[in-house]
Amino acid sequence: MNKLVSIVIPAYNEADNIFVIAESIKKVFSTIDYDYEIILVDDGSADHTLEKIKDYALTANNIFFLEFSKNFGHQLAVKAGMDHAFGDCVISMDCDMQHPPELIPDMIAKWETGYEVVYTIREDDKNLSKGKRGSSSLFYKVLNWLSDIDLEPGAADFRLLDQRVVSVFRNFHENEPFLRGLVKWLGFKQYAIKYHPAARFSGKSKYTLKKMLRLALHGVTSFSIKPLYTAVYLGFILSFASVLYIPYIIYAFVNHVEVSGWASVIMTIVFFGGLQLIILGIIGIYVGKMFMQTKNRPNYIIRSSNIQQK
Ligand code: UDP
Ligand code: MG
């Protein structure tokens, strides 16, 4: 019997991409001796994504879907798909054809040689906007500097995981998982494949600047408490710097020099006010995370599905 490969695809307003991606995966699998199933996660789409998936599912018996009750975000959509994927290995990829399905046989081949995690690195490509490339490389620099994991720039959410890894993942109940970081953190034998992203087939990017910023802040604060230490160090440095001011005060006092520094006083107040807000904000993010996690709510809610509970 052939091994089964589960493919998890999150879809948020991707109606025009469903057929294309499903067909190109079908084509890829017609060239290799593996069975496959596709698990499409409809992340609260407002267009006809779900109908397109259901229509397609009628034509084949290996197309499954999970419908979220609302938009829970890309990372949780992938997590939900993985929670329901019981193939020998599980591949996650985007719906928009930016992750070339032609790479799947190479990923499987690496997996067969004993790697439990085969992830992909996006090579710089002109198909990506300058802004996206720049923000992505800055993000990884900051993330690696501030946290204890080491992510390669361009790491994408296009990866193969052995079922052993996926079943470890099933026990993770993080409120807002940052999958790229978690996978790296898990360990196991990992292998990286480089690829050139294609252009988005249809529709536009669902990652708005706000969503990207949130993912970035989340990536940092999920993997380290270093920012909290940074706040303390900064506090020390600034208090020390203020001590250096004492000689000047004594000098001014002794010599009766009029203090006419209104502008500099206001500047200092504004600067330190801002600094305090930033640091409070950082602490706030961590407290907020604890708050959300202690409520122990389900991380995502499934409205409907055609998967029989295994
Ligand atoms: N996506 C999702 N929920 C969201 C945002 C995105 O499920 O809230 C899906 C989207 O349908 C796509 C994948 O996540 O399959 C990656 O999104 P996108 O292509 O918009 O991001 P980009 O490639 O621009 O980083
Ligand atoms: Mg994309």
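Keep in mind that the numbers below use all heavy atoms, side chains included, and drop hydrogens, waters and symmetry copies. Keep in mind that what you see is a predicted model, and the values were worked out from it rather than measured.
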* Taking the side chain as C-beta and beyond, is there a heavy-atom pair between Leu103 and Met93 under 4.5 Å? -> no

* **Nearest heavy atoms of Pro10 and Ala77, plus distance in Å** => CB-CB, 3.6 Å

* Asked: Does CZ belonging to Phe188 count more than 12 external heavy atoms closer than 6.0 Å?
  -> yes

* Side chain of Asn17, backbone of Asp96: donor and acceptor closer than 3.5 Å? -> no

* If you measure from CG on Asn171 to CG on Asp83, what distance do you get to the nearest 0.5 Å? -> 9.5 Å

* To do: Enter the distance from Ile18:CD1 to Lys54:NZ here, rounded to the nearest 0.5 Å.
  => 12.5 Å

* Asked: Taking atom CG of Leu66 and atom CD1 of Ile301, what is their separation to the nearest 0.5 Å?
  -> 13.5 Å

* Using the side chain to side chain contact (heavy atoms under 4.5 Å, CB included) rule, take Phe169 and Leu186 through it: C-alpha gap first, then chi angles, then the decisive distance, then the call. => CA-CA 9 Å; Phe169 245 138; Leu186 278 177; 3.9 Å; yes

* **Hydrophobic cluster membership, Phe291 vs Tyr286, 4.5 Å side-chain cutoff** => no

* Asked: Is the backbone N or O of Ala15 less than 3.5 Å from a side-chain atom of Asp47, with the two atoms forming a donor-acceptor pair by type?
  -> yes

* Yes or no on side chain to side chain contact (heavy atoms under 4.5 Å, CB included) for Met107 and Thr120, after CA distance, side-chain angles and deciding distance? -> CA-CA 9 Å; Met107 296 167 87; Thr120 60; 4.0 Å; yes

* **Pair Asp94-His74, side chain to side chain contact (heavy atoms under 4.5 Å, CB included): steps then yes or no** => CA-CA 9 Å; Asp94 285 358; His74 170 223; 3.8 Å; yes

* Hey, any chance Ile283 and Leu275 share a hydrophobic cluster, counting ILVMFWY side chains that come within less than 4.5 Å of each other, even indirectly? -> yes

* Asked: From Ile38 CD1 over to Ile63 CD1, what is the distance, rounded to the nearest 0.5 angstrom?
  -> 4.0 Å

* Any link between Trp185 and Val78 through a network of hydrophobic side chains (Ile, Leu, Val, Met, Phe, Trp, Tyr) touching at under 4.5 Å? -> yes

* When clusters are formed by joining ILVMFWY residues with side-chain heavy atoms under 4.5 Å apart, either directly or through shared neighbours, do Leu277 and Ile282 land in the same one? -> no

* To do: Please tell me if the side chains of Phe72 and Asn299 come closer than 4.5 Å, counting only heavy atoms from C-beta onward.
  => no

* Asked: Ile91 versus Phe158: any side-chain heavy-atom pair under 4.5 Å?
  -> yes

* Are Glu14 and Ile9 close enough, and set up right, to give a side chain to side chain contact (heavy atoms under 4.5 Å, CB included), and what steps lead you there? -> CA-CA 11 Å; Glu14 305 276 12; Ile9 304 177; over 6 Å; no

* Structure fact -> When rounded to the nearest 0.5 Å, the distance separating OH of Tyr191 from OH of Tyr119 is 10.0 Å

* Single-linkage hydrophobic cluster, 4.5 Å side-chain cutoff, Leu280 and Phe272 together -> no

* Minimum side-chain heavy-atom gap Lys289-Ser222 below 4.5 Å -> yes

* According to the interplanar angle, ranging from 0 to 90°, do the rings of His99 and Tyr195 count as parallel (below 30°), tilted (30 to 60°) or perpendicular (above 60°)? -> perpendicular

* Distance (rounded to the nearest 0.5 Å) between Phe172 CZ and Lys79 NZ -> 8.5 Å

* Asked: Of all heavy-atom pairs between Val183 and Gln190, which one has the smallest distance, and what is that distance?
  -> O-NE2, 2.9 Å

* Asked: Under 3.5 Å, is there a donor-acceptor pair between the side chain of Gln293 and the main chain of His173?
  -> yes

* To do: Report yes if the distance between the aromatic ring centroids of Phe236 and Tyr233 is under 6.0 Å, otherwise no.
  => no

* Asked: Are Asp106 and Lys110 ion-paired here, with the side-chain N under 4.0 Å from a carboxylate O?
  -> no

* Asked: Between Ala192 and Ile121, which heavy-atom pair has the shortest distance, and what is it?
  -> CB-CG1, 4.0 Å

* Any donor-acceptor pair under 3.5 Å linking the side chain of Ser45 with the backbone of Asn13? -> yes

* **Gln163 side-chain N/O to Gly87 backbone N/O, donor-acceptor pair under 3.5 Å** => yes

* To do: Any salt bridge (charged side-chain N to carboxylate O under 4.0 Å, His left out) involving residues 160-180? Give me the pairs, sequence neighbours left out, ordered by first then second residue.
  => Glu116-Arg164, Asp157-Arg180, Asp162-Arg164, Glu176-Arg214

* Side chains of Trp111 and Ile108: closer than 4.5 Å at any heavy-atom pair? -> yes

* To do: Can you establish whether the number of heavy atoms outside Lys295 located under 6.0 Å from its atom NZ is more than 12?
  => yes

Please tabulate, for side-chain N and O atoms in residues 25-35, each donor-acceptor pair with protein atoms closer than 3.5 Å (sequence neighbours left out).
| from | atom 1 | to | atom 2 | distance (Å) |
| --- | --- | --- | --- | --- |
| Ser30 | OG | Lys27 | O | 2.6 |
| Thr31 | OG1 | Val28 | O | 2.6 |
| Tyr34 | OH | Glu112 | OE2 | 2.6 |

* To do: Return the minimal non-hydrogen interatomic distance between Ile307 and Ile39, and the atom names on each side.
  => CD1-CG2, 4.2 Å

* Search all heavy atoms of Ala85 against all heavy atoms of Val166 and return the closest pair with its distance. => O-CG1, 4.2 Å

* Do you see a donor-acceptor pair shorter than 3.5 Å between the side chains of Ser304 and Glu67? -> yes

* **Student check: side-chain heavy atoms of Tyr300 and Val41 closer than 4.5 Å** => no

* Of the non-hydrogen atoms in Tyr12 and Gly44, which two are nearest, and what is the gap between them? -> CE1-O, 3.7 Å

* Which ring-ring contact (aromatic ring centres under 6.0 Å, His included) pairs, counting each pair once, include a residue from residues 43-67, with sequence neighbours left out? -> Phe19-Tyr56

